[in-house]
Amino acid sequence: MGRTTEIDAEHAIKFAKDREEFWRPQSLLDDKALALYRRKQRQDTAVGEVGAKVLPLRAGVAGMIIDNDTATLGAPPTFKFTPSSDKYEDEQKASGLLEPWMLGVFQQAQVEDVWSQQIRDLRLFGRGYSNVFPLPRMWAGEGPYKELVLRLTKARQEDEIRALLAEIEAWKRDNFPIRWQYADSRTTWPLLSSEYLLPEIVEARVMTGAEIETDYDHEMDNPKMEYTVYVYTNWVWTVTCVEVGGQPVELRKWKHNMGMSPYIIMEANVQPRNKENIRWKSALYDHENMFEAYDGILTDMYQASRENTVSGMVAYFDPRRNEGSGVVGLTNPAEHLDKEPGKTMSMWIGEDLRRQPLPEFTEVGMSLAQFVNNFVMNVSLNPARLGLVTQGLSAVGHRLAMRAAERSLDPFSRALVSGATTMAKLALRSVIRLSEEYPDAPDKVYVTHDKHGHIGVGPKDIKGWESLVQPI
């Protein structure tokens, strides 16, 4: 197999299982990061002193860090095309056609919020994936677009040709023919190379038989059963397949011929080479033990407070009091203690009623709690990145803290620029591929812009511009 080789379902599934095994140590690290993010991490708790059920408290600090950083980094980019000459028509083409068209592609190619999900994965798992393809409805199976193109090739009357061209253009506007999709970082396994960007990659998707029938028009024996669907892609081919009863079944194959991988990878803080095959580190990795300590201390404090609230009482009696007391039938000194809320209670002189003794936080425990709290609040959460002004800090000091916080996100910002650049290149190549796939159809791809209205771009418009795009 290689970056341009056509492969079948059997080899695609074999490649997927090999990659899954290769990246298994990375997957274990990802699972820990996801558990922290979803407040499902391991937590040790002791049995309550008074038999009360211990409620583990998880503060959710990890989730706040990832969500806040995702929002900070997640502003949609704009795209600038720098003309290779100073000709007026080139500058007009860049600013009046290509730049608003690319912004429209960024907005319309996403059915779901791909950009934010990929940024979240970048922070949470150290990398994020997505892919850009011409819309499958354009090339997979029979559909309205193919029917329109077929009718256009058979049309002879000028009025009929004009009507069909207008109908195809309207269909393209209503069914934007480029699709940008999110790929789950935990089940997307690449073959990496120092020479080529993602020469081979496979994505695993869990789907029911009914979903497979709907998406790929392939009848499955059990519509309710879940299957693992593999999407293998190299620089020329993409193959979608599933294993049924131990046998590989091809669901779809297409020669996308993009000349590069349709998958986009954003990665940051790549780790030094190691024997464990750990390449990416979560933004939460270095804080994992502190988060566990923080949640454990909160749990202990909450449990101590709760036990203090529901604990019983201890009555203290003088065992010599019964001698000569004259009280008839008093065999148990506590019988006369009628403890009910709001009710007056009589006690003998010298008797006492106190709360049940409970474990208390020691001075060492309080010092640890203070240290962990300061670490989480000031190091993990980083008030400057949250926009908070530290008490007593000058305006100049706050600006310096903000700059330091921003610099800590610089590697991720560079990954975003790289990912947006790849997305733009794939969008431009998709225009060319749609034109090659349907040479008899109008070749322009239209977007709707809030200021420029409908903007159409064809292969001739983008020739020579791919290397001149820059997200900002």
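Owing to the predicted nature of the structure, the values given are computational and were not obtained by experimental measurement.
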query: Just wondering, more than 12 heavy atoms not from Asp221 lying within 6.0 Å of its CG?
result: no
- prompt: Less than 4.5 Å apart, any side-chain heavy atom of His256 and any of Pro262?
  reply: yes
field: Salt bridge Arg123-Asp69, side-chain N to carboxylate O under 4.0 Å
entry: yes
Stepwise side-chain hydrogen bond (donor to acceptor under 3.5 Å, both in side chains) test for Tyr182 and Glu112: CA-CA 8 Å; Tyr182 164 77; Glu112 57 178 350; over 6 Å; no
query: Parallel under 30°, tilted from 30 to 60°, perpendicular over 60°: which one fits the rings of His287 and Phe375?
result: tilted
query: Would Gln181 and Tyr129 count as a side chain to side chain contact (heavy atoms under 4.5 Å, CB included) if you check the C-alpha gap in whole Å, the side-chain angles of each, and the deciding distance to 0.1 Å?
result: CA-CA 9 Å; Gln181 294 179 311; Tyr129 292 101; over 6 Å; no
query: Can you say whether the rings of Phe79 and Phe106 are parallel (under 30°), tilted (30 to 60°) or perpendicular (over 60°)?
result: tilted
- prompt: Relative to Tyr216, does Arg252 satisfy both conditions: NZ or CZ under 6.0 angstrom from the six-membered ring centre, and within 45 degrees of the ring's axis?
  reply: no
message: One thing to verify: whether Glu243 and Lys17 come together as a salt bridge, which I'm taking to mean a side-chain N less than 4.0 angstrom from a carboxylate O.
response: yes
- prompt: Going from CZ on Phe81 to OG on Ser467, what distance comes out if it is rounded to the nearest 0.5 angstrom?
  reply: 10.0 Å
statement: Residue pairs passing the ring pair (Phe, Tyr, Trp, His ring centres under 6.0 Å) test with at least one member in residues 453-472, sequence neighbours excluded, are none
- prompt: Taking 4.0 angstrom as the limit, do Lys253 and Asp8 come out as a salt bridge?
  reply: no
- request: Measure across Ala283 and Ile66 and return the closest heavy-atom pair with its distance rounded to 0.1 Å.
  value: CB-CD1, 4.4 Å
query: Between Trp189 and Phe22, does the ring centroid distance fall short of 6.0 Å?
result: no
task: For the pair Arg120 and Asp67, find out whether any cationic side-chain nitrogen is under 4.0 Å from an anionic carboxylate oxygen.
output: no
Straight-line distance of Leu164 CG to Glu167 CD, nearest 0.5 Å: 6.0 Å
statement: Separation between OG1 (Thr422) and CG (Leu198), nearest 0.5 Å, reads 8.5 Å
field: Test log, rule side chain to side chain contact (heavy atoms under 4.5 Å, CB included), inputs Thr188 and Val202
entry: CA-CA 6 Å; Thr188 301; Val202 65; over 6 Å; no
task: Go through the steps for Asn257 and Arg433 under the test side chain to side chain contact (heavy atoms under 4.5 Å, CB included), then give the verdict.
output: CA-CA 8 Å; Asn257 212 24; Arg433 284 298 295 124; 3.6 Å; yes
message: Evaluate Leu434 against Val445 for side chain to side chain contact (heavy atoms under 4.5 Å, CB included), listing each step before the verdict.
response: CA-CA 9 Å; Leu434 286 167; Val445 173; 4.0 Å; yes
query: Roughly how far, to the nearest 0.5 Å, is the CG atom of Asp30 from the CG atom of Asp121?
result: 9.0 Å
query: Do Ser130 and Gln118 have a side chain donor and acceptor closer than 3.5 Å?
result: yes
- line: For Glu158, the salt bridge (Lys or Arg N to Asp or Glu O under 4.0 Å) test, sequence neighbours excluded, returns Arg162
message: Using every non-hydrogen atom in the two residues, find where Pro100 and Ile455 come nearest and quote the distance to one decimal.
response: CB-CD1, 3.7 Å
query: Leu416 and Leu73: which non-hydrogen atoms are nearest, and at how many Å?
result: CD2-O, 3.2 Å
message: Measuring from atom NE2 of His218 to atom OG1 of Thr214, what distance do you get when rounded to the nearest 0.5 angstrom?
response: 13.0 Å
message: Working to the nearest 0.5 angstrom, can you tell me the gap between Ile201 CD1 and Asn234 CG?
response: 11.5 Å
- request: For the residue pair Val249 and Tyr227, establish whether any side-chain heavy-atom pair is separated by less than 4.5 Å.
  value: no
- prompt: If you look at every heavy atom in Ala204 and Thr228, which pair is closest and at what distance?
  reply: CB-CG2, 4.0 Å
task: Report yes if the side chains of Val417 and Gln470 come closer than 4.5 Å at any heavy-atom pair, otherwise no.
output: yes
- prompt: Per the side chain to side chain donor-acceptor pair (under 3.5 Å) rule, which among Gln271, Glu267, Gln26 passes with Arg279?
  reply: Glu267
task: Specify the closest pair of heavy atoms between Ile462 and Leu98, including all atoms of both residues, with the distance to one decimal.
output: CG2-CD2, 4.1 Å
message: Can you confirm whether Gln41 sits close enough to Lys32 that some side-chain heavy atom of one is under 4.5 Å from a side-chain heavy atom of the other?
response: no
task: Could you tell me whether Asp31 atom CG has more than 12 heavy atoms of other residues or ligands within 6.0 Å of it?
output: yes
query: So, Arg205 and Glu203, do they make that salt bridge, N to O below 4.0 Å?
result: yes
- request: Decide yes or no on side-chain hydrogen bond (donor to acceptor under 3.5 Å, both in side chains) for Gln117 and Asp113, but give the supporting numbers first.
  value: CA-CA 6 Å; Gln117 290 188 83; Asp113 189 357; over 6 Å; no
task: Answer with yes or no whether the side chains of Glu200 and Tyr232 bring together a donor and an acceptor at under 3.5 Å.
output: yes
task: Please report the shortest heavy-atom distance between Trp237 and Thr4, naming the atom on each side.
output: CD1-O, 3.8 Å
- prompt: Tell me, do Phe291 and Ser380 make a side-chain contact under 4.5 Å, heavy atoms counted?
  reply: yes
